[in-house]
Student: 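Structure in structure tokens, see below.
Below, chain A is the first sequence line, B the second, and so on; all start at residue 1.
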There are 2 protein chains.
Amino acid sequence: MAQNTAIKVNETSRSAVGRDGVLDIAARLFREQGYGSVSLRKIAEAAGIKAGSIYYHFGSKDEIVAAVLDAGIRVVHESMRDAVTDLRADADGETVLRAAIRAHLRALIDVSDYTSANVRIFGQVPQSVRDANLPTRRAYEAEWDSLLSQLKKDGTLKQDVDIRRLRLMLIGTLNATLDWFDPDRGSADALSRTYADVFLNGILQRQDT
Amino acid sequence: MAQNTAIKVNETSRSAVGRDGVLDIAARLFREQGYGSVSLRKIAEAAGIKAGSIYYHFGSKDEIVAAVLDAGIRVVHESMRDAVTDLRADADGETVLRAAIRAHLRALIDVSDYTSANVRIFGQVPQSVRDANLPTRRAYEAEWDSLLSQLKKDGTLKQDVDIRRLRLMLIGTLNATLDWFDPDRGSADALSRTYADVFLNGILQRQDT
DNA sequence: ACGCCTAACTAACGCCTGTTAGGTTAATAA
DNA sequence: TTATTAACCTAACAGGCGTTAGTTAGGCGT
């Protein structure tokens with residue numbers, strides 16, 4: 001979804017997929033099939049090159065998957081931050097939280113193979129690769145904690161919520177969507193609205209109305 | 001956690017781990033390390049036998065993992081059903097839902113390597129193994145749908161909730177706990193209370209009190 | 001004492017994996 | 001025209017995988 005359209009040749013050879021092309025394909029395969037069943041030969045075949053050629057662009061399989069994981073977090077992080085900062089300055093707390101939820105879910109479902117691949121395979125990759133991805137993750141988590149703390153301070157949220165727990169619960173819920181979501185049965189935006197409704201107001205029928 | 005204590009020999013030979021022993025160890029390793037990095041040789045070594053010997057008890061690796069997956073759902077299903085039926089007959093809807101949530105989380109965290117292994121590796125196993133596990137899962141899902149429908153009918157829940165979506169969101173949230181939960185930082189029961197509070201009442205500060 | 005059965009063992013098989021070294025092509029720069 | 005270089009290919013490697021076949025050891029019922 002990134003090449004094939006416009007000015008084909010201006011870099012070097014005629015049909016070079018290049019480092020970014022390999023990475024795009026790796027991310028897609030990881031998202032679709034998980035980590036364990038995607039070999040370098042599968043990636044190479046999907047990219048139209050031979051397995052050994054991948055080592056021109058990357059030093060190891062770990063390096064590929066680490067690059068995919070990092071890009072996945074960066075995309076959703078930017079997406080979420082932009083969604084919040086794009087709001088009018090006088091937007092209320094509820095609106096801010098809804099925007100953040102929607103942005104995360106969009107990145108996961110509609111936008112990025114990198115983000116969905118990250119969520120899907122993070123628990124399957126070697127420990128060293130997970131560790132390498134941690135700083136990027138922590139930065140994104142800090143963004144959420146900062147947002148939630150703000151909402152707590154300004155009185156939007158209940159005063160007894162544990163920020164860390166709430167963040168883990170929120171992101172956990174959003175990410176779990178990947179296990180069952182079917183684009184044919186609904187949109188990411190509609191789902192994000194449901195999520196926000198439940199998180200903000202709960203599912204209990206209320207007496208007072 | 002099942003042998004090693006009492007009357008050692010009463011079946012056949014001296015140190016037989018047996019089919020159940022192999023299964024217990026497989027479940028534990030799958031929970032700890034995921035599917036891809038647990039080989040038959042690893043399972044065998046942990047069980048104190050040789051890889052080939054596993055084929056006395058199982059016809060294939062798929063058969064092992066399928067048995068683990070099925071047992072995982074059965075355990076959490078029974079756990080959840082029992083928790084609900086053990087309540088007093090006049091328990092209100094909120095109490096019922098809280099009990100179900102607690103039971104699911106307990107099975108996941110405190111009780112069963114089988115259940116946690118299921119959640120952890122389901123997305124990593126071959127399609128055929130996933131398919132074999134589906135009927136068992138559907139039965140558990142139906143139990144939840146039945147419970148939630150009841151709560152909706154009796155007015156405990158809002159009338160506009162989509163049962164299927166709510167169930168997917170709930171179980172997704174609970175299962176996602178496995179990715180980050182640390183028993184040293186809190187108990188499953190305390191966490192289940194937080195979950196129930198958020199799902200039932202939401203996190204928004206309310207004006208009316 | 002006998003043979004049976006359970007539960008293991010040994011040794012090997014073909015396959016797939018990540019990885020490496022060295023060779024080839026084609027476009028660009030001098 | 002020649003040299004350079006980016007991007008790929010070919011062929012092979014050692015190691016791990018699931019799986020199989022044949023064998024062995026010990027407790028049990030008869």
Side-chain angles (χ1 to χ4, degrees), chain A residues 2-4 7-26 29-30 33-69 121 124-129 132, chain B residues 2-4 7-26 29-30 33-69 121 124-129 132:
Chain A
Q3 82 294 27
N4 198 22
I7 327 99
K8 270 190 158 180
V9 194
N10 71 336
E11 308 244 336
T12 44
S13 89
R14 274 204 293 133
S15 65
V17 277
R19 189 188 148 104
D20 289 353
V22 171
L23 221 47
D24 282 355
I25 284 158
L29 293 180
F30 284 141
Q33 312 181 24
Y35 174 74
S37 40
V38 173
S39 63
L40 290 183
R41 284 172 176 82
K42 269 195 191 174
I43 297 173
E45 192 187 24
I49 64 178
K50 294 301 157 67
S53 308
I54 292 185
Y55 282 82
Y56 176 77
H57 301 290
F58 301 93
S60 67
K61 188 187 184 186
D62 281 3
E63 197 178 311
I64 298 180
V65 73
V68 169
L69 291 186
I121 71 175
Q124 314 178 18
V125 303
Q127 184 70 44
S128 59
V129 177
Chain B
Q3 84 294 26
N4 196 23
I7 326 100
K8 271 190 155 179
V9 193
N10 71 336
E11 307 246 335
T12 43
S13 91
R14 275 204 292 129
S15 64
V17 277
R19 187 187 149 104
D20 289 353
V22 171
L23 220 49
D24 282 355
I25 284 159
L29 293 181
F30 283 141
Q33 312 181 24
Y35 174 75
S37 40
V38 173
S39 64
L40 290 183
R41 284 171 176 84
K42 268 194 191 176
I43 297 173
E45 192 188 24
I49 63 178
K50 295 299 159 65
S53 308
I54 291 185
Y55 283 80
Y56 176 76
H57 301 291
F58 302 92
S60 68
K61 188 187 183 185
D62 281 2
E63 197 178 310
I64 298 180
V65 74
V68 169
L69 291 187
I121 71 176
Q124 313 178 19
V125 303
Q127 184 70 44
S128 59
V129 177

Student: side-chain contact (heavy atoms from CB on, under 4.5 Å) with A132(A): which residues, sequence neighbours excluded?
Tutor: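 Scan of A132(A) (side-chain contact (heavy atoms from CB on, under 4.5 Å), adjacent residues dropped) gives none.
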Student: Calculate the interatomic distance between I43(B) atom CD1 and dC17(D) atom P; express it in whole Å.
Tutor: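 Between P of dC17(D) and CD1 of I43(B): 11 Å.
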Student: According to the side chain to side chain donor-acceptor pair (under 3.5 Å) rule, which pairs have a member within residues 50-61 of chain A, sequence neighbours left out?
Tutor: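 Applying side chain to side chain donor-acceptor pair (under 3.5 Å) to every pair that reaches into residues 50-61 of chain A, excluding sequence neighbours, yields nothing.
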Student: My understanding is that only residues two or more places apart in sequence, or in another chain, count here; which of them pass side-chain contact (heavy atoms from CB on, under 4.5 Å) with A66(A)?
Tutor: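 Listed in chain order: V129(A).
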Student: Side-chain contact, heavy-atom cut-off 4.5 Å: V38(A) with I121(A)?
Tutor: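 The answer is no, as the side chains (C-beta and beyond) never meet within the 4.5 Å cut-off.
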Student: Between Q124(A) and Y35(B), is the side chain to side chain contact (heavy atoms under 4.5 Å, CB included) condition met? List the steps.
Tutor: CA-CA 8 Å; Q124(A) 314 178 18; Y35(B) 174 75; over 6 Å; no
Student: Could you tell me the separation between the CZ atom of F58(B) and the C1' atom of dA8(C), rounded to a whole number of Å?
Tutor: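 Rounding to the nearest Å, CZ of F58(B) and C1' of dA8(C) are 15 Å apart.
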Student: Quick check on dA7(D): is either OP1 or OP2 less than 4.0 Å from any side-chain nitrogen or oxygen of Y56(A)?
Tutor: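 Affirmative; the distance criterion is met.
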Student: Out of dT20(D), dA8(C), dG18(C), which nucleotide sits closest to the side chain of Y55(A)?
Tutor: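 Within the option list, the nearest is dG18(C).
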Student: Hey, could you give me the CD1/CG distance between I64(A) and L40(A), rounded to the nearest 0.5 Å?
Tutor: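 Here the rounded value is 5.5 Å.
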Student: Could you tell me, to 10°, how much the axis swings from one end of the helix from dG3(C)-dC28(D) to dA30(C)-dT1(D) to the other, five pairs per end?
Tutor: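 Taking the rotation axis at each end, their angle is 10°.
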Student: In whole Å, what is the span from the CZ atom of R19(B) to the P atom of dA8(C)?
Tutor: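 Between P of dA8(C) and CZ of R19(B): 13 Å.
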Student: Has H57(B) got a side-chain N or O lying under 4.0 Å from the OP1 or OP2 atom of dT6(C)?
Tutor: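 So the side chain of H57(B) is outside the cut-off, no N or O lying under 4.0 Å from OP1 or OP2 of dT6(C).
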Student: Find the distance I49(B):CD1 to dA25(D):C1' and express it as a whole number of Å.
Tutor: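 From I49(B) CD1 to dA25(D) C1': 16 Å.
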Student: Can you check each nucleotide of nucleotides 10-17 of chain C against protein heavy atoms at under 4.0 Å and return B for base, S for sugar-phosphate only, - for none, in 5' to 3' order?
Tutor: B-B----B
Student: Check side-chain contact (heavy atoms from CB on, under 4.5 Å) between K42(A) and all other residues, then give those that pass, not counting sequence neighbours.
Tutor: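 Testing K42(A) for side-chain contact (heavy atoms from CB on, under 4.5 Å), a comparison that skips the adjacent residues, returns Q33(A), S37(A), S39(A).
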Student: Quick one, V125(A) with D62(A), criterion side chain to side chain contact (heavy atoms under 4.5 Å, CB included). Give me CA distance, side-chain angles, the key distance, then yes/no.
Tutor: CA-CA 8 Å; V125(A) 303; D62(A) 281 3; over 6 Å; no
